[in-house]
Amino acid sequence: MDSKSQISLQEQIEPFSRPERWSNPPAALRELLSYPKINFVSQYFTRTRTFEAGLDFVNFCYDIMWQYSHEISINEAAFWDRYLTGLRLVLYDRLNLWPEYIDAYADMLARYPDMDVAVRRQRLEIITRKLEKHGAGGKIGNMLRQQAHELAPGEREQRYQEMMRLFARMCRPPREPEATDGIVPVKKRD
């Protein structure tokens with residue numbers, strides 16, 4: 001990928017990776033971490049494989065939560081913390097940062113024991129085996145998650161465009177049903 005397209009892509013992910021530029025950070029965070037956009041946020045980083053930007057996003061979100069704690073309710077902060085904790089685990093896994101994953105998992109268990117679900121436990125076991133194999137000098141190339149630079153030319157841009165179309169659809173206000181939708185209005189009974 002040439003430097004021109006890298007700059008362009010970096011500019012494209014800027015809104016998600018640089019929340020400190022938001023004019024009202026708590027309101028922007030509230031919007032991004034609300035349903036259904038909250039699902040989009042994690043999908044964005046995993047689908048486009050911009051995992052490092054995802055970790056930056058998680059860290060900036062924690063910075064915002066700390067700096068604006070007086071504007072954020074305890075329930076909001078707890079919900080966001082649980083979500084960001086899970087997202088951080090996913091990103092560490094995708095970046096092949098296995099020791100960081102294990103540390104973050106232990107931290108998660110200490111704070112949120114109920115987040116220890118079978119899927120996460122299974123992933124922890126797999127990561128632990130990968131780390132042991134790596135420590136024993138075994139070959140781990142086939143165990144590594146693919147990174148953004150390993151995508152075929154144009155694939156990263158295509159994935160980005162797919163995610164932006166999804167986000168645009170998600171942000172559209174619901175439209176009124178039309179007669180062509182096959183919805184027949186029901187008359188009220190008196």
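- Using modelled atom types, one side-chain atom of Arg120 and one backbone atom of Met115 make a donor-acceptor pair closer than 3.5 Å.
- Annotation for Gln147 and Glu52: closest pair OE1-OE2, 4.5 Å, computed over non-hydrogen atoms.
- With Ser73 contributing its side chain and Glu76 its backbone, the two residues share a donor-acceptor pair below 3.5 Å.
- Judged by distance alone, the side chain of Arg121 and the main-chain N or O of Asp116 form a donor-acceptor pair under 3.5 Å.
- In terms of heavy atoms, Ile72 sits closest to Ile64 at CD1-O, 4.2 Å.
- Electrostatic pairing of Arg82 and Asp114 counts as a salt bridge here, judged by a charged N lying under 4.0 Å from a carboxylate O.
- Proximity of the aromatic rings of Phe45 and Phe57 is defined here by a centroid distance below 6.0 angstrom, and this criterion is met.
- The only member of Glu162, Glu157, Glu155 that meets salt bridge (charged side-chain N to carboxylate O under 4.0 Å, His left out) when paired with Arg159 is Glu155.
- Every residue two or more places apart in sequence or in another chain that forms a side chain to side chain contact (heavy atoms under 4.5 Å, CB included) with Asp63 is listed here: Phe60, Gln67.
- Residues Met65 and Leu32 share a single hydrophobic cluster, defined by chaining ILVMFWY side chains whose heavy atoms lie under 4.5 Å apart.
- Neither side chain, Tyr105 nor Thr85, offers a donor N or O lying under 3.5 Å from an acceptor on the other.
- Partners of Phe79 by side chain to side chain contact (heavy atoms under 4.5 Å, CB included), not counting sequence neighbours, listed by chain and number: Ile38.
- Residues passing the side chain to side chain contact (heavy atoms under 4.5 Å, CB included) test with Thr128, sequence neighbours excluded: Ile102, Leu124, Glu132.
- Under 3.5 Å, the side chains of Tyr101 and Asn96 contain no donor-acceptor pair of N or O atoms.
- Between the side chains of Asp81 and Tyr62, at least one donor-acceptor pair of N or O atoms lies under 3.5 Å.
- Tracing side-chain contacts under 4.5 Å through hydrophobic residues (I, L, V, M, F, W, Y), one reaches Leu89 starting from Leu109; they form part of the same cluster.
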